[in-house]
Amino acid sequence: MTTNDVDVRLQHLIREVIRINQNKDMVSELVVEQQCDLLDDFGLDSLLMVQLIVEIESEFDLEFDLADLNMDVLRKYHNLRDYIVSRQG
């Protein structure tokens with residue numbers, strides 16, 4: 001799976017988690033930048049982050065290592081994307 005494939009699927013998951021849980025109708029217009037902060041820019045709280053992790057594990061057929069469940073990996077979009085790409089290998 002290419003980085004671009006992961007980008008498309010991950011951005012879709014982020015939009016869905018925000019749309020379902022925050023009732024935002026305009027979420028399809030949400031721009032997910034490489035440097036965005038999922039907590040600050042999109043208002044994801046700890047419960048939404050857990051939901052996103054569960055969705056990622058299902059979508060990409062992977063399981064996060066407990067050691068990797070830290071804010072360095074989870075907070076920044078590009079770090080999360082790179083983590084997923086590295087686990088697809």
Does Leu69 share a hydrophobic cluster with Leu48, counting links as ILVMFWY side-chain heavy atoms below 4.5 Å and allowing steps through other members?
yes
Holding to side chain to side chain contact (heavy atoms under 4.5 Å, CB included), I want the full list of residues that pass it with Gln35, two or more places apart in sequence or in another chain.
His78
Would you call Val6 and Met1 a side-chain contact if the rule is heavy atoms closer than 4.5 Å?
yes
Going from CD1 on Ile84 to CG on Leu13, what distance comes out if it is rounded to the nearest 0.5 angstrom?
8.0 Å
Under 3.5 Å, is there a donor-acceptor pair between the side chain of Asn70 and the main chain of Val73?
yes
Rounded to the nearest 0.5 Å, what's the gap from CD on Glu55 to CG on Leu10? Could you check?
11.5 Å
When clusters are formed by joining ILVMFWY residues with side-chain heavy atoms under 4.5 Å apart, either directly or through shared neighbours, do Leu80 and Met71 land in the same one?
yes
Nearest heavy-atom pair of Met49 and Leu74: which atoms, and what distance?
CE-O, 3.4 Å
Can you list everything that forms a side chain to side chain contact (heavy atoms under 4.5 Å, CB included) with Asp37? Sequence neighbours excluded, please.
Leu39, Asp40, Asp41, Arg75, Lys76
Side chain to side chain contact (heavy atoms under 4.5 Å, CB included) partners for Ser46, two or more places apart
none
Looking only at side chains, do Tyr77 and Asp7 share a donor and an acceptor under 3.5 Å apart?
yes
Would you give the length of the straight line joining atom CD of Gln88 to atom OG1 of Thr2, rounded to the nearest 0.5 angstrom?
10.5 Å
Quick one: list whatever passes side-chain hydrogen bond (donor to acceptor under 3.5 Å, both in side chains) with Asn79, sequence neighbours left out.
none
For residues 58-67, run the donor-acceptor check on the side chains, cut-off 3.5 Å, and write out each pair with its distance to 0.1 Å, sequence neighbours left out.
residue, atom, partner, partner atom, Å
Glu59, OE2, Arg9, NE, 2.8
Glu59, OE2, Arg9, NH2, 3.2

Between the side chains of Arg81 and Gln34, is a donor N or O closer than 3.5 angstrom to an acceptor N or O?
yes
For a 4.5 angstrom cut-off between non-hydrogen side-chain atoms, does Val32 reach Phe42?
yes
